[in-house]
Amino acid sequence: MLIARKGDWLSALIGDEVVMMSASSGQYIGLNAVGARIWELIEQPSELDDLCARLEAEFDVCPPDCAREVEGFLADLEQSGAITR
């Protein structure tokens with residue numbers, strides 16, 4: 001499953017977090033450090049397995065937990081219109 005950014009979302013890094021805003025919808029999203037890293041990684045469309053492998057290498061997380069957490073996070077981004085998959 002290819003995951004890619006979608007829409008007109010603007011983002012700004014503040015410390016290790018990201019604040020995002022959709023100019024067309026006026027929605028705001030705040031991302032913690034892990035969410036910010038996922039947003040950075042999907043700047044180029046990525047497969048879910050590749051994304052999880054990168055996160056598992058960078059953060060202290062086991063594969064099943066990573067996959068579950070990333071799926072939930074991506075579902076939220078998809079619902080907000082920030083990504084496609």
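Each residue takes its place number in the sequence, starting with 1. These values consider heavy atoms only, across backbone and side chains, with no hydrogens, waters or symmetry-generated copies. Model, not experiment: these values are computed from the prediction.
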K.L.:
Is any side-chain heavy atom of Met20 closer than 4.5 Å to a side-chain heavy atom of Tyr28?
P.N.:
no
K.L.:
Specify the closest pair of heavy atoms between Ala36 and Asp16, including all atoms of both residues, with the distance to one decimal.
P.N.:
CB-O, 3.9 Å
K.L.:
Is the closest side-chain heavy-atom distance between Cys62 and Asp65 below 4.5 Å?
P.N.:
yes
K.L.:
Do Phe73 and Leu2 land in one hydrophobic cluster if side-chain heavy atoms of ILVMFWY residues count as linked below 4.5 Å?
P.N.:
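No, it is not one cluster - the side chains of Phe73 and Leu2 are not joined through contacts under 4.5 Å.
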K.L.:
Starting at CG of Asp49, measure out to OG of Ser46 and round the result to the nearest 0.5 Å.
P.N.:
11.5 Å
K.L.:
Check this for me: does any side-chain nitrogen of one of Arg85 and Glu71 sit under 4.0 Å from a carboxylate oxygen of the other?
P.N.:
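Yes, charged N to carboxylate O under 4.0 Å.
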K.L.:
Decide yes or no for Leu77 and Ile29: does some side-chain heavy atom of the first lie under 4.5 Å from some side-chain heavy atom of the second?
P.N.:
yes
K.L.:
CD1 of Ile38 to CG of Asn32: how many Å apart, nearest 0.5 Å?
P.N.:
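Atom-to-atom, Ile38:CD1 and Asn32:CG are 8.0 Å apart.
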K.L.:
Would you mind reporting whether Trp39 and Ile83 have side-chain heavy atoms less than 4.5 Å apart?
P.N.:
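They are in side-chain contact.
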K.L.:
How about Ser80 and Trp9: do any of their side-chain heavy atoms sit closer than 4.5 Å?
P.N.:
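Of all side-chain heavy-atom pairs linking Trp9 with Ser80, at least one is under 4.5 Å.
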K.L.:
Between the side chain of Glu17 and the main-chain N/O of Leu31, is any donor-acceptor distance below 3.5 Å?
P.N.:
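Not confirmed, Glu17 side chain does not pair with Leu31 backbone.
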K.L.:
Any chance you could measure Thr84, atom OG1, to Ile3, atom CD1, to the nearest 0.5 Å?
P.N.:
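Nearest 0.5 Å value for the OG1-CD1 distance: 9.0 Å.
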K.L.:
Keeping Ser25 on the side-chain end and Ala23 on the backbone end, is there a donor-acceptor pair under 3.5 Å?
P.N.:
no
K.L.:
Would a 4.5 Å heavy-atom cut-off, applied to side chains only, mark Ser22 and Asp8 as touching?
P.N.:
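They are in side-chain contact.
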K.L.:
List in chain and number order the residues that pass salt bridge (charged side-chain N to carboxylate O under 4.0 Å, His left out) with Arg5, two or more places apart in sequence or in another chain; answer none if no residue qualifies.
P.N.:
none
K.L.:
Using side chain to side chain contact (heavy atoms under 4.5 Å, CB included) as the criterion, list what pairs up with Leu41, not counting sequence neighbours.
P.N.:
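Partners of Leu41 by the side chain to side chain contact (heavy atoms under 4.5 Å, CB included) criterion, ordered by chain and then number, come out as Arg37, Leu51, Arg54, Leu55.
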K.L.:
Out of curiosity, does Leu10 fall in the hydrophobic cluster containing Val19 (side-chain heavy atoms, cut-off under 4.5 Å, transitive links)?
P.N.:
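Val19 and Leu10: separate clusters.
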